[in-house]
Amino acid sequence: MPQPIQVAWELGLIAVGVGGLLGILWPGRLSTGLGLELASVLVLGTLTGMYAVALLVMSGRNSIVATSFVIAVTVGSLWRAAQIAIDLRRLARACEFVTYEQLQAGVT
C-alpha cells in the first residue's frame, strides 16, 4: 500500500474510535449519543470498504485473507449502523407519546 493511503486509513480509524467512544459515553441526551455512534460506524464502514477495494486492487490474490477480514468489518459496521437507525426511530416514536411534564416527573 502507498504510504499516504495507510496514513489516511490509520488517522480515520483513530477518529472513528474517538467518535464512537464519545457517542457511547455521551452524558447528555441518548439520541445525541446514538447519533454520534451512528456517524462513527458509518464512517468506519466507508473507510474499511474503500480500504478493502484499494487492498484488493494493489495486492490482488495475495490479499484475499486480509481483504476478507476488512470486508467483514465493513459489513459489521454497516449492520450496527442499521441497528442504531432502528433504535433512533423507536426513540423518536416513543418521544411522541410522552409529554415534557411526564419526563420531568420521571413517569414513562
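Heavy-atom basis, side chains included; hydrogens, waters and symmetry copies ignored.
- In the hydrophobic clustering of ILVMFWY residues, with side-chain heavy atoms under 4.5 Å counting as a link, Val43 and Val70 come out together.
- Once rounded to the nearest 0.5 Å, the distance linking OG1 of Thr67 with OH of Tyr51 reads 9.0 Å.
- With rounding to the nearest 0.5 angstrom, the CG atom of Leu55 is 10.0 Å from the CD atom of Gln6.
- In plain terms, the two heavy atoms of Ser40 and Gly19 that are nearest each other are OG-C, 3.0 Å.
- To the nearest 0.5 Å, the span separating CG on Leu38 from OG on Ser31 amounts to 12.0 Å.
- Taking hydrophobic clusters as Ile, Leu, Val, Met, Phe, Trp and Tyr residues chained together by side-chain heavy-atom distances below 4.5 Å, Leu44 does not share a cluster with Ile71.
- Separating the OG atom in Ser77 from the CG atom in Leu47 is a distance of 9.0 Å, to the nearest 0.5 Å.
- If you chain together hydrophobic residues whose side chains sit under 4.5 Å apart, Val41 and Trp26 never meet in one group.
- Rounding to the nearest 0.5 angstrom, the gap separating the CD1 atom in Ile84 from the CZ atom in Arg80 is 4.0 Å.
- Cluster annotation: Leu88 is connected to Leu78 through the hydrophobic network of ILVMFWY side chains, with a link wherever side-chain heavy atoms come within less than 4.5 Å.
- Residues satisfying the side chain to side chain donor-acceptor pair (under 3.5 Å) criterion with Thr48, sequence neighbours excluded, are Thr74.
- Interatomic distance, CG of Leu21 versus CD of Glu37, reported as 9.5 Å (0.5 Å rounding).
- Among all heavy-atom pairs drawn from Ser63 and Leu56, the shortest one is OG-CA, 3.8 Å.
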